[in-house]
Amino acid sequence: MARPSAERGGHSGLPNWVFLLTVRGRRSGRSRTTPETICEHGGRRGFISPFGETNWARNLRAAGRGTIRFGQKREEIRAVELNLNESVRFIKEVIAPIAAESKLGDWFVRNIDRIDLDYLEEAAVGKPVFKIFPFETRTSRV
């Protein structure tokens, strides 16, 4: 679950912690959009694919970038997939504190996302985790 942000605006009919992630398809090249949850805590943001190697995770891995949208707000992002040790740390430092904020959050993470917060290394296996950053156009120096 992601922490709702006061800066988000607009109404999409989705809960305020759900964003739309648009990524270029790795085979078709066409834009693919799916609702996702951004995990955000302590200045760090990312996605986890609790159901494993999903198409959105494969597409994000291949593209390395995408667009997140909430209502009328859009943000171009760059995504970096984390290795197992980094994923465990992300779950511990970002997802676990969010889940601990409420009984529902803890229940959701454990039962719906199937992330056992008591055994983080086992929980991270087979669940791609991506840290996200604002996309910045790189300019060449002369």
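Keep in mind it's a predicted model, so treat the numbers as computed, not measured.
Using a 4.5 Å heavy-atom threshold, the side chains of R61 and F130 count as touching. R24 places none of its side-chain heavy atoms less than 4.5 Å from the side chain of R30. With contacts defined as side-chain heavy-atom distances shorter than 4.5 Å, the pair F47/V129 does not qualify. Side-chain contact between N55 and R32 is absent, with no heavy-atom pair separated by less than 4.5 Å. A 4.5 Å side-chain heavy-atom check between L21 and T67 finds every atom pair outside the cut-off. Using a 4.5 Å heavy-atom threshold, the side chains of K127 and S87 count as separate. Considering only heavy atoms from C-beta on, E122 stays 4.5 Å or farther from D116 through its side chain. Contact annotation: the side chain of F133 never approaches that of R45 to less than 4.5 Å [non-hydrogen atoms, C-beta and beyond].
Side chains of T54 and S49: a donor-acceptor N/O pair is present below 3.5 angstrom, by distance only.
The 12-atom threshold is exceeded at CZ of R44, counting heavy atoms of other residues, nucleotides or ligands nearer than 6.0 Å.
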Run the side chain to side chain contact (heavy atoms under 4.5 Å, CB included) test on E93 and H41 for me, step by step, so that the C-alpha distance in whole Å, both residues' side-chain angles and the decisive distance to 0.1 Å come before the verdict. CA-CA 8 Å; E93 296 175 359; H41 183 78; over 6 Å; no
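No donor-acceptor pair closer than 3.5 Å links the side chain of D113 to the backbone N or O of I115. With hydrogens and angles ignored, the 3.5 Å screen pairs a side-chain donor or acceptor of N59 with a backbone N or O of R26. The backbone N or O of R69 sits nowhere less than 3.5 Å from a side-chain atom of K73 that would complete a donor-acceptor pair.
When ring centroids are compared, F19 and F70 come within the 6.0 Å threshold.
Atoms CG and CG, on L120 and L84 in that order, are 10.5 Å from each other to the nearest 0.5 Å.
Evaluation of the salt bridge (charged side-chain N to carboxylate O under 4.0 Å, His left out) rule for R74 yields no partner, not counting sequence neighbours. For E76, the salt bridge (charged side-chain N to carboxylate O under 4.0 Å, His left out) partners two or more places apart in sequence, or in a different chain, are R65.
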